[in-house]
Amino acid sequence: MAAYQKKLEGFSGNIRVRMAPSPTGALHIGTARTTLFNWLFARSKGGTFILRIEDTDKERSRPEYEKNILDGLHWLGLDWDEGPDIGGEYGPYRQSERTQLYKEHIEKLLQDKKAYFCFCPKETLEAQKQDAESRGEVWRYPGTCRDLSESEIKQNQKDKKHSVIRIKMPNKKLSFKDIIKGESSFDLSLFGDIVIAKSTEEPLYNFAVVVDDHEMQISHIIRGEDHYSNTPKQMVIYEALGWQPPEFAHLPLILGQDKSKLSKRHGTTTSIDDYKNQGYLPEALINFIVLLGWHASGDREIFTINDLQQEFSLERVQKTGAVFNAEKLDWLNNNFLKQKPIQEIVEFLLPFFMREGINLGKFESTYVQKAILASMEKTKGVNEIIKMSEIFFRETEYEKELLIWKESTEEITKDKLEKSLDALRLFDEITFNKESYEQKLKEIYGEDKGSVLWPLRVALSGRKVSPGPLEIIEVKGVNSSTMCIEKAIAKLEK
RNA sequence: GGUCCCAUCGUCUAGCCUGGUCUAGGACAAUGCCCUUUCACGGCAUAAACACGGGUUCGAAUCCCGUUGGGACUACCA
């Protein structure tokens, strides 16, 4: 922490951070979180936030995933100052469009003899590796092609031998200071000469990132801890290119129930899209993911994205991975949902009702609002609200047995319903009010509230779980409620 | 296996840097009670942790060492 303070004080120049997702799948919750942390860091420090698409893997990258990622990020409320969709001074912002740039730098490394062509067949290397492992030894590239002569290289190329480009790994220890994790050192010789490109036009991740981060003048790299051991390799590339590396901050990972890195096999929803479709609010997701590895100094846990811009600091980021806890997300979601003004809630719920075959547009908007408000009093989450409020938007079927309260009988139930109906008829849409009607009902039920209120509930909702019967009448109105009760009585006559 | 990282309630965490105020605080979940026409919502309450072992110190959750445990990485993926 103290180290971090010092670092920031010592840091002069513009703060420029980036998020660099690869479009090989839909927006993942981990990607969203890393983006949030970068964004928050930039916004809280008056820096610039850049979005870059890492699509060097031609096999797996898809334009539709890129779109999904950008859309998802926007949905969460995150924006960027430079990116593939809006451009910027340091573009292009897709690695696939930066090939020429990588080529120049690879060629420079080749010229400087800091990198070299390797013609070793993959199979040979694979065999060596197998062999070493079977003896319990650690394999690393033996440097076979490290000192090939100019003419040997020419000949190999003429023979159209398959090649890759490796960087010469210095034989030394390298240490670096991570803003979150502190200092640690690595023995570079253990890595061997790593492959940095398949060809001068096909750079690999470790190389392309370095070139881009440097060219885009990134000041702080904030990324997942799974990149931690890539850092020394990348620093070697910075060094070979004669560049000053940026600051690093490695975020702890989001973990599954078994404490390993969260992935699909955990059965947890990982795609932001799916959360959206399941009725989660962006506010809830943001609040939830920021708490996975970060915490304010006090007890406060509810934050909007705006609050976070004030509160956030890298120094308070955890070193340990955080197990994903869906229950807390649900709680947060409910919290944010209930805080919203009713108009917004209705608007938000619209597509979910539609999915259930209910078109809210067909109802009067005050009716919809009243119905949803009444339903929300007893629910948690979108699905429950929809289920609960369904009774206001379409007829619900039920068995007549459901009408009968505890030890009661059909006759008694029918009698109570008829009396309740008569009492209800004393009112019209204007004069109805809960209190007066409840007075009348009291005369009917005497000591046994349930004997009247239960059949009424079922008659009005067709459910055993619903808003209170009086509340339902308030929403539905006297006429419609009267019809429901008549229907129930008819059921009992059969 | 090797390299590196990490270790407070079931989970997310406050506290750790700058040792005493910690009989370790909050939140989610759990349990109980209240509210109540059922289910729920809500309110209140309870239970629940410094991985272990050595040091250092008058004093350690906090500093040091070790053990154990967990994780990440170990691609011609990113």
Side-chain angles (χ1 to χ4, degrees), chain A residues 1-5 20-24 54-57 59-61 95 118 120 122 125-126 129 132-133 135-140 162-166 178 180-182 184-187 190-191 194-199 202 204-206 208-209 223-233 250 252-253 255 257-261 288 291-302 315-316 318-332 334 338 376-380 384 388 405-406 445 448-458 463-470:
Chain A
M1 263 173 260
Y4 163 81
Q5 292 277 2
S22 37
T24 53
E54 308 222 321
D55 54 354
T56 48
D57 186 344
E59 312 282 304
R60 298 193 300 147
S61 298
Q95 292 190 324
C118 167
C120 298
K122 213 172 177 176
L125 265 20
E126 207 51 51
K129 198 172 174 181
E133 268 166 19
R135 287 195 311 265
E137 285 168 19
V138 183
W139 179 85
R140 74 191 72 124
H162 173 78
S163 67
V164 295
I165 298 158
R166 292 179 183 273
D178 186 274
I180 294 166
K181 304 181 92 67
S184 64
S185 69
F186 292 81
D187 185 350
L190 259 25
F191 292 123
I194 59 163
V195 178
I196 56 167
K198 292 186 189 180
S199 73
E202 295 168 292
L204 256 23
Y205 164 75
N206 276 127
V209 202
R223 60 183 7 170
E225 197 191 334
D226 44 350
H227 286 289
Y228 197 56
S229 26
N230 279 151
T231 309
K233 297 176 191 170
H250 287 91
L253 265 17
L255 275 23
Q257 290 303 323
D258 62 354
K259 304 240 180 199
S260 71
K261 188 165 134 187
F288 177 67
L291 253 20
L292 251 27
W294 175 87
H295 198 278
S297 55
D299 288 338
R300 185 174 173 197
E301 291 196 333
I302 306 288
E315 60 190 294
R316 296 198 59 83
Q318 216 74 227
K319 284 181 174 181
T320 15
V323 175
F324 186 94
N325 174 210
E327 284 159 339
K328 192 149 184 174
L329 207 209
D330 287 340
W331 177 79
L332 244 12
N334 202 239
K338 291 200 166 166
M376 277 179 73
E377 271 178 33
K378 301 193 172 196
T379 54
K380 242 179 173 174
E384 283 185 25
M388 188 72 92
W405 172 241
K406 286 186 180 165
Y445 61 62
D448 189 6
K449 273 182 150 181
S451 67
V452 167
L453 290 170
W454 179 259
L456 261 186
R457 166 194 302 283
V458 177
R463 299 278 175 76
K464 48 181 171 182
V465 178
S466 77
L470 273 356

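Throughout, a chain's letter reflects where its sequence line sits, starting with A, and its residues are numbered from 1. All values reported here derive from a predicted model rather than from experimental measurement.
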Kindly give the atom pairs (protein nitrogen or oxygen, nucleotide nitrogen or oxygen) under 3.5 Å for nucleotides 29-32 of chain B.
unit_1, atom_1, unit_2, atom_2, d
B/A29, OP1, A/K380, NZ, 3.4

Closest to the A/E301 side chain, choosing from B/U37, B/G26, B/A72 = B/G26
In short, A/L125 meets A/C120 closest at the heavy-atom pair CD1-CB, 3.7 Å
Across the strands shown, which category fits A/K449 at heavy-atom distances under 4.0 angstrom: base, sugar-phosphate, nothing?
-> sugar-phosphate
Whole-Å distance, A/N206 CG to B/U74 C1', equals 12 Å
According to a strict under-4.0 Å criterion, is A/S22 in side-chain N/O contact with OP1 or OP2 of B/C77?
-> no
Is a donor-acceptor contact shorter than 3.5 angstrom present between the side chain of A/K378 and the base of B/U36?
-> no
Do you know which two heavy atoms are closest between A/T56 and A/A208, and how far apart they sit?
-> CG2-CB, 4.2 Å
Between NZ of A/K338 and P of B/C41 the distance, given in whole Å, is 8 Å
Looking for any heavy atom pair under 4.0 Å, which part of the strands does A/L253 touch: base, sugar-phosphate only, or nothing?
-> sugar-phosphate
Looking at every strand, decide which applies to A/V323 at a 4.0 Å heavy-atom threshold: base, sugar-phosphate, or nothing.
-> sugar-phosphate
Figure out the CZ/C1' separation between A/F191 and B/A75, and round it to whole Å.
-> 14 Å
What is the minimum heavy-atom distance between A/P23 and A/E54, and which atoms define it?
-> CD-O, 3.5 Å
Nucleotide nearest A/L292 when distance is taken to its side chain, options B/C12, B/A72, B/A78 = B/C12
Re B/A75: Watson-Crick or G-U wobble partner, both distances kept under 3.5 Å, found to be none
d(CH2, A/W405; C1', B/U36) in whole Å = 11 Å
Out of B/A78, B/C73, B/A14, which has the shortest distance to the side chain of A/Q318?
-> B/A14
Has A/R223 got a side-chain N or O lying under 4.0 Å from the OP1 or OP2 atom of B/C73?
-> no
Nearest-Å distance once atom C1' is located in both B/G59 and B/G32 | 39 Å
Below 3.5 Å, does any donor atom in the side chain of A/H295 face an acceptor in the base of B/C12, or the other way round?
-> no
Pair assignment for B/G20, Watson-Crick or G-U wobble, requiring both distances under 3.5 Å | B/C58
With sequence neighbours excluded, tell me which residues meet salt bridge (Lys or Arg N to Asp or Glu O under 4.0 Å) with A/R300.
-> A/D307
Please measure how far the P atom in B/C52 lies from the corresponding atom in B/G69, and state the result in whole Å.
-> 15 Å
With both distances under 3.5 Å as the test, what is the Watson-Crick or G-U wobble partner of B/A40?
-> none
Assign A/R60 to base, sugar-phosphate, or nothing according to its heavy-atom contacts below 4.0 angstrom with the strands shown.
-> base
Spacing of the C1' atoms in B/A14 and B/G26 (rounded, Å) = 7 Å
For A/R463 and B/U38, what is the distance between atoms CZ and C1' respectively, to the nearest whole Å?
-> 14 Å
Quick one: does A/R316's side chain have a donor or acceptor within less than 3.5 Å of a partner on A/W294's backbone?
-> no
In whole angstrom, give me the gap between the P atoms of B/A72 and B/C34.
-> 47 Å
Atom CD of A/E315 and atom P of B/U18 are separated, to the nearest Å, by 15 Å
Can you tell me if the side-chain N/O atoms of A/K129 get under 4.0 Å from OP1 or OP2 in B/A75?
-> yes
When the nearest nucleotide of RNA chain B is assigned to A/S163 and to A/N334 on a heavy-atom basis, which residue is associated with the more 5' position?
-> A/N334
Using purine N1 to pyrimidine N3 plus N6-O4 or O6-N4 for Watson-Crick, or N1-O2 and O6-N3 for G-U wobble, each under 3.5 Å, what pairs with B/A7?
-> B/U68
Between B/A72, B/A75, B/G2, spot the one nearest the side chain of A/V138, thanks.
-> B/G2
Would you mind classifying the nucleic acid contact of A/K122 as base, sugar-phosphate or nothing, using non-hydrogen atoms under 4.0 angstrom?
-> base
Which one of A/V164, A/I165, A/L204 satisfies the side-chain contact (heavy atoms from CB on, under 4.5 Å) criterion with A/I196?
-> A/I165
Salt bridge (Lys or Arg N to Asp or Glu O under 4.0 Å) with A/E137: which residues, sequence neighbours excluded?
-> A/R135
When we call it a touch if two heavy atoms are under 4.0 Å apart, what does A/S199 touch: a base, just sugar-phosphate, or nothing?
-> nothing
Would you please name every residue forming a side-chain contact (heavy atoms from CB on, under 4.5 Å) with A/T379, sequence neighbours left out?
-> A/M376, A/E384, A/I385, A/M388
Looking for any heavy atom pair under 4.0 Å, which part of the strands does A/P232 touch: base, sugar-phosphate only, or nothing?
-> nothing
Would a 4.5 Å heavy-atom cut-off, applied to side chains only, mark A/W139 and A/E133 as touching?
-> no
Could you give the distance separating B/U8 and B/U13 at their C1' atoms, to the nearest angstrom?
-> 9 Å
Filtered N/O pairs between nucleotides 4-7 of chain B and protein, under 3.5 Å:
unit_1, atom_1, unit_2, atom_2, d
B/C5, O2', A/K181, NZ, 2.9
B/C6, OP1, A/K319, NZ, 3.3

On a heavy-atom basis, the closest approach of A/P252 and A/G293 is CG-CA, 4.5 Å
Using the C1' atom as the reference point in each nucleotide, state the distance between B/G20 and B/C63 in Å, no decimals.
-> 14 Å
Starting at atom CD of A/Q95, determine the distance to atom C1' of B/A78, rounded to an integer number of angstrom.
-> 9 Å
Same-atom distance (C1') from B/G53 to B/C4, integer angstrom = 25 Å
Contact summary for A/H250 and A/E225, nearest pair of heavy atoms = CB-CA, 4.1 Å
Upstream residue (5' side of RNA chain B) when A/M376 and A/A296 are each assigned their closest nucleotide | A/A296
Which atoms form the tightest heavy-atom contact between A/V323 and A/L292, and what is the distance?
-> O-CD1, 4.2 Å
Please tell me which of the listed nucleotides, B/U74, B/U38, B/U11, lies nearest to the side chain of A/K233?
-> B/U74
Quick note, A/D57 side chain, CB onward, closest among B/U36, B/C76, B/C77 is B/C77
A/L125 CG to B/U74 P, in whole Å, measures 16 Å
With sequence neighbours left out, what residues match A/K233 under salt bridge (Lys or Arg N to Asp or Glu O under 4.0 Å)?
-> none
What distance, rounded to whole Å, do you find between the two C1' atoms, one in B/A51 and one in B/G71?
-> 16 Å
Could you tell me whether A/H162 contacts a base, only the sugar-phosphate backbone, or nothing, with contacts defined as non-hydrogen atoms closer than 4.0 Å?
-> base
